[in-house]
Amino acid sequence: HDAWVGQNAVDFETLEIRVGIHCGDVTCGVLGQKMPKFMACGTAVNMAARMEQTSLPSMIRTTREFHDLVGDAEQNWSAKEVIQLKNMGEMETYLLDPISCASFAE
């Protein structure tokens with residue numbers, strides 16, 4: 001176990017993920033009997049996936065709808081950015097830096 005962990009350890013100082021957030025209607029349920037899997041589908045799920053795909057490392061990209069819903073609860077929004085999304089056209093989006101939000105909360 002220790003040898004495997006040493007060889008496959010993740011350096012969390014360099015780990016960067018992208019996050020996409022949208023709000024809207026979702027259809028979900030459990031599929032399968034032998035190996036049940038939870039599934040979520042709908043336009044909101046697809047839009048959140050597109051937000052993640054176009055986000056920057058270590059950033060959160062959101063749609064205008066989510067930005068308007070959260071409002072002034074977060075102070076560190078970037079300027080509005082209009083991006084082109086595959087099969088969805090142009091979309092107003094905002095970036096949020098979670099690291100600056102964490103330091104702001106302290």
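From a predicted model like this one, the values you see are computed outputs, not experimental measurements.
With a 4.5 Å cut-off between side-chain heavy atoms of Ile, Leu, Val, Met, Phe, Trp and Tyr, the cluster of L85 takes in M47, M51, I83, M88, M91. Within the hydrophobic cluster formed by Ile, Leu, Val, Met, Phe, Trp and Tyr side chains joined at under 4.5 Å, directly or through other members, L56 is accompanied by M59, L95.
Side-chain atoms of R61 never come within 3.5 Å of backbone atoms of I21 as a donor-acceptor pair (strictly under, hydrogens ignored).
Across every non-hydrogen atom of A44 and C23, the tightest pair is CB-C, 4.3 Å. Taking each heavy atom of A40 and C28 in turn, the nearest pair found is CA-CB, 4.0 Å. Of all heavy-atom pairs spanning V30 and P36, the tightest one is CG1-CB, 3.6 Å.
In this structure, CG on L31 lies 8.5 Å from SG on C41, to the nearest 0.5 angstrom. Rounding to the nearest 0.5 Å gives a distance of 11.5 Å between NZ of K86 and CG of N46. One finds the OG atom of S78 at 8.0 Å from the CG atom of L96 (value rounded to the nearest 0.5 Å). From R18, atom CZ reaches atom OG of S55 across 7.0 Å, with rounding to the nearest 0.5 Å.
Ring pair F66/W77 is perpendicular by interplanar angle, where above 60° counts as perpendicular and below 30° as parallel.
Residues forming a side chain to side chain contact (heavy atoms under 4.5 Å, CB included) with Q84 (at least two apart in sequence, or on another chain): E90.
You'll find the side chain of E81 stays beyond 4.5 Å of the side chain of Y94, heavy atoms only. Two residues are said to be in side-chain contact when any heavy atoms from C-beta on lie closer than 4.5 Å; V82 and T93 fail this criterion.
Looking at H67 and T62, their side chains never bring a donor and an acceptor atom within 3.5 Å of each other.
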